[in-house]
Every structure is written in C-alpha cells, then in structure tokens.
Amino acid sequence: MSLKSERRGIHVDQSDLLCKKGCGYYGNPAWQGFCSKCWREEYHKARQKQIQEDWELAERLQREEEEAFASSQSSQGAQSLTFSKFEEKKTNEKTRKVTTVKKFFSASSRVGSKKEIQEAKAPSPSINRQTSIETDRVSKEFIEFLKTFHKTGQEIYKQTKLFLEGMHYKRDLSIEEQSECAQDFYHNVAERMQTRGKVPPERVEKIMDQIEKYIMTRLYKYVFCPETTDDEKKDLAIQKRIRALRWVTPQMLCVPVNEDIPEVSDMVVKAITDIIEMDSKRVPRDKLACITKCSKHIFNAIKITKNEPASADDLLPTLIYIVLKGNPPRLQSNIQYITRFCNPSRLMTGEDGYYFTNLCCAVAFIEKLDAQSLNLSQEDFDRYMSGQTSPRKQEAESWSPDACLGVKQMYKNLDLLSQLNERQERIMNEAKKLEKDLIDWTDGIAREVQDIVEKYPLEIKPPNQPLAAIDSENVENDKLPPPLQPQVYAG
C-alpha cells in the first residue's frame, strides 16, 4: 500500500482551505466555505431578499384586506351602523397588524437605536454589576492602553461603552444576530480609525485586539454556548464520537510522529495541553492563540521525527490525532464562539486563520470518519467501534531495551484481556447458537407430533358391557330353573 493511497482519506488540498468565492482569504465550514467578508456579503444579500419578499407579502395582504373591506362596504351598505362600525374597527386592527409586520421586516428596523439607548433612564445591569477580578483587570488595562491615543482613545472608549450597553438590549435576539452586531461594530470602528483617524494598519490591529478583549470579557457569560442554540448538543455528540474513536492509531492516520522519541512525546503532550486549555480562555483571540501554539508544537514534533522541516500536508492528520487523543472539552462551542465573535481579519488571514481553518477541517473529518478513510475493512471498523477488540498491540520484539518493565507488563495484560474477551465473545456466540438449535429442535419435534395426531386422530370407544357369569344365580328372572348341580354316580 503506497503512502499516497494511505493519505487519500485524510489529505486536504491547501486550496480547499481558501474561500470558495476566490477572494484569497481563508474560508470556514461554519460560513459554508466563505471567508468572513464574503459570508457577510452573501448573508446581507439573502437577508435583503428575505426582507423584500416579506415586504411584498405584507403589502399584498394589506391590499387584499382593503379590497375585501371595500367589497364588504358596497354589498352591505344597507346594514345597520353598529355592524359597519364593527367591520371598520376589525379592518383597522388588521391594517395595524400588517403595518407592524412591515416595520418588523424593514431593513431599518433595529432593537433600540443609539438615541433610545442614550436616553434610557435605567443604566444597564451588565455594566453596573459587580465585576469579577478578571473583568476589572481587563477594564483597567483597556483604559490605560487608550490613554496613549488621547482624543482617539476617548472616542474609542465611548463607542465601546455604547456598544456594550446596546448589546444589553439585544440579548433577546438570536446569537446569529448578536454576532452580526459584533461584526458590524468591529468593521465600523476599524474603518473609522483608518479613514478619519488616519491610524496605521499595524496600530489598528493592536487597538482592535484590545477592543475585542475588553468587550468579549464582559459578554462571554451571555454569548458563549447560549441556551438558545444547539452548541451543547453538538459538544456532547463530538465528545461521544471521539471516545468511540479512541482506538485509532497514528499509523492509521499516517501521522509522521514517533512518540518513542522523548522530545517528540513532550511536544505531543504540550500540543494536547494547548488544545485543552483553549476552553479556559474567554477572549476569542486567546482561544486562537491556544490553537496556534498547539499547531506549532505539532510542527516541531514532525520536524524532530523526520529530521527535516514539516510540510503543510502533515499538519492535518497530526492535528486530527491530537484532537482524538485530547478530546478537548466543549470543542464545538469554542469553534462557534470564535467564528461568531472573533475579529474577522484574524480568521481571514495570517497563521491564526490558517490553523483555525485546519482545526475546523479536522473536526469535520472526525465527524465523517469511516473505514475507507482509515484503510480498514468495514468488519474491522465495526468491531473496533463496538469495543469488541482493539488494534493496539505491542509485540515483545518491538519494545526498546530501555522501555519500562511496568509498561511492558501493562500492554501484555491488555493483550491477554483482549484475547480473553474475544474468547468469551466466541463462547457466548456458540452458546447462543446452541440454545437456538435446541429451541428449533424442540419446536420441530412438537410440529411433527402435532402433524401425526392430526393425520391419525385417536378415537376412544366406550367400554363393552361385561358378560354375566354363566353359573351365577339369576336374580332378575326367578322363573328360570336353577343351574344344574354336579352329581356323583356310583359305579
């Protein structure tokens, strides 16, 4: 079997990681293969189309109601004034409902404008609540950072506060709509700094990182894995899937990593630690940093193993192996959180966007993993998935002389338990087969007996009347003479 055929189920062309619209940025499965910019354009087009269709529907309903009302007035002009007023009131109520629907689907409709937010009497509870230690620390760092920008920093802080207050009034919206608000805020702030403030792109990127850190530290509690989504359900599904695939070996995935080398083993442990640590971070940029560190440890492990620079084709299978081995908590929730609320420029370009796209591909591959992807027969794949047997076996001659005796004994015991499990499974199958044969034999005998009974039915005749003793006295008829008595005659 060639290396090319082994990689057939795992290899992903680097061009497949880019936006399918051909803009050159990295795409994302959560955005249907588009990058953040193209996805927003497609999303807005679909949204405007839906709004236009709903607007036309509302207008058509209004015209039908008006025509029905006019027809009713012309045909029922002779009716009483009370009934006419009732019909007019009913029509007005329906018209108000149609107008409400039109306003709801209007593109300019928003939940709470900036003026309404500024004139709100009661301050946002999310702003005035007792902040945690981390939130307080991030706030102080954000203020100190903006002090170096003087007037521009004051304007940024004002806009950020208004955005947080506005998000408080938008918690009833869907998570996709809240994500859209955050993305609009990122885009507007960055564009304003570049056009009006003439801020260099390098400084804009640093400012946007601080803005993201400040607002997402405060919003994390409300927008990470919200109850209105199925993120938690997806987390449980992927965790169950990874646990079922715990038997997958590096050889099956063509992972160019030799964990027998101590340095490589350490890199693998660090990569697993980084991918697990991602869940403890609250800022999307920090979560991306964990993915980046994990990927760099993977490249180092490959470089040490192959004694040459690692290629991009080696990253994906090794990342899949790291995810299977680490089983990171709330993996889907973290991916969705990054996709929804990370600064889009980070996901579109740079190493963070490249590594994040590979992680999304790795998760998608794990969800669709089958026997063909691992070059296994369907029978072996099903046995491994059901836990009947495991491919993890270490032969005695494959151990290095410096291997720990306890580890050798452990693998030996695991191999023995696996053999015993297979033997028990075989005995149980044979016992079930014997039980089935006995039941079939008993049923067959019962059917044969029943057929014979039906073919030759058993007739039970009544017993014959007993014959009266010849020498007995006849008690029924006294007229008959008595029986003869033997007599002895002398010679």
Side-chain angles (χ1 to χ4, degrees), residues 25-32 34-40 43-44 47 111 124 126-127 132 134-135 138-139 142 156 159-191 204-232 234-235 277-292 328-350 352-353 355-357 359-360 363:
Y25 295 121
Y26 291 120
N28 193 308
W31 295 328
Q32 301 179 5
F34 293 102
C35 67
S36 175
K37 180 181 178 181
C38 296
W39 168 249
R40 283 164 57 83
Y43 177 79
H44 280 300
R47 188 176 181 182
V111 182
S124 170
S126 63
I127 304 300
S132 63
E134 182 179 1
T135 304
V138 171
S139 300
F142 184 61
I156 293 174
Q159 294 176 6
T160 306
K161 294 284 286 185
L162 288 175
F163 170 75
L164 289 174
E165 292 177 356
M167 289 297 290
H168 167 70
Y169 294 96
K170 298 176 182 178
R171 288 182 189 169
D172 293 336
L173 299 179
S174 65
I175 194 63
E176 287 77 15
E177 292 174 312
Q178 295 184 55
S179 170
E180 187 70 16
C181 293
Q183 299 295 329
D184 287 338
F185 175 72
Y186 290 145
H187 176 74
N188 295 334
V189 172
E191 186 179 17
V204 170
E205 184 177 353
K206 293 182 179 179
I207 295 174
M208 293 305 301
D209 289 342
Q210 292 297 324
I211 292 176
E212 177 190 310
K213 182 178 181 181
Y214 176 67
I215 65 175
M216 295 316 303
T217 302
R218 289 177 172 268
L219 297 178
Y220 176 82
K221 178 180 178 181
Y222 307 102
V223 298
F224 181 83
C225 190
E227 296 179 355
T228 56
T229 64
D230 58 349
D231 292 350
E232 184 177 0
K234 292 180 179 178
D235 289 334
E277 189 181 0
M278 174 179 62
D279 185 61
S280 64
K281 305 299 181 181
R282 304 180 70 176
V283 183
R285 181 170 61 91
D286 294 341
K287 292 181 181 292
L288 279 177
C290 293
I291 299 174
T292 301
R330 299 191 293 186
L331 181 57
Q332 288 285 6
S333 292
N334 283 287
I335 291 177
Q336 293 296 329
Y337 177 70
I338 294 172
T339 303
R340 292 164 181 160
F341 295 100
C342 183
N343 185 1
S345 62
R346 281 193 168 272
L347 300 183
M348 293 164 57
T349 58
D352 288 344
Y355 294 139
F356 178 71
T357 304
L359 177 62
C360 295
V363 175

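When a residue number appears, it is its place in the shown sequence, counting from 1.
By the 4.5 Å heavy-atom criterion applied to side chains, Phe163 and Val189 are not counted as neighbours. No side-chain heavy atom of Thr292 sits under 4.5 Å from any side-chain heavy atom of Phe356. Within the 4.5 Å cutoff, the side chain of Asp352 has no heavy atoms near those of the Ile291 side chain. Within the 4.5 Å cutoff, side-chain heavy atoms of Lys213 are placed close to those of Arg285. Contact check for Ser345 versus Met208: no side-chain heavy atoms found under the 4.5 Å cut-off. At least one side-chain heavy atom of Gln178 sits under 4.5 Å from a side-chain heavy atom of Met167. Counting heavy atoms from C-beta outward, Val283 and Tyr220 have side chains that stay 4.5 Å or more apart.
For the atom pair SG of Cys360 and CD of Gln332, the computed distance is 8.5 Å after rounding to the nearest 0.5 Å. Of the inter-residue distances, the one linking Asn343 atom CG with Met348 atom CE reads 9.5 Å to the nearest 0.5 angstrom. If you take CD on Glu134 and CZ on Arg218, they are separated by 11.5 Å, rounding to the nearest 0.5 Å. Of the inter-residue distances, the one linking Leu331 atom CG with Asp231 atom CG reads 11.5 Å to the nearest 0.5 angstrom. Of the inter-residue distances, the one linking Glu212 atom CD with Thr217 atom OG1 reads 9.0 Å to the nearest 0.5 angstrom. Note that CG of Leu288 is 12.5 Å distant from OH of Tyr355, once rounded to the nearest 0.5 Å.
Thr160 and Phe142 make their closest contact through OG1-CZ, 4.1 Å (heavy atoms, listed as atom of the first residue, atom of the second, distance).
Ion pairing of Asp209 with Arg346 is present here, as a side-chain N (NZ or NE/NH1/NH2) and a carboxylate O approach within less than 4.0 Å. The pair Glu165-Lys161 fails the salt-bridge criterion, with no side-chain N (NZ, NE, NH1 or NH2) lying under 4.0 Å from an Asp/Glu carboxylate O.
The number of heavy atoms from other shown groups lying within 6.0 Å of CD (Glu232) does not exceed 12.
Using a distance-only test at 3.5 Å, with no hydrogens or angles considered, a donor-acceptor pair links the side chain of Asp235 to the main chain of Ser333. Within the 3.5 Å criterion, the main-chain N or O of Phe341 finds a donor-acceptor partner in the side chain of Tyr186. Remark: side-chain polar atoms of Ser139 are paired, donor with acceptor, to backbone N or O of Thr135 under 3.5 angstrom.
Ring planes of Phe224 and Tyr337: perpendicular class, angle over 60° (limits at 30 and 60°).
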| task | For Ile175 and Arg340, run side-chain contact (heavy atoms from CB on, under 4.5 Å): C-alpha distance rounded to whole Å, both residues' side-chain angles, the deciding distance at 0.1 Å, then the answer. | result | CA-CA 8 Å; Ile175 194 63; Arg340 292 164 181 160; 3.9 Å; yes

| task | Show your working on side-chain contact (heavy atoms from CB on, under 4.5 Å) between Glu277 and Lys281 and close with a plain yes or no. | result | CA-CA 7 Å; Glu277 189 181 0; Lys281 305 299 181 181; 3.6 Å; yes

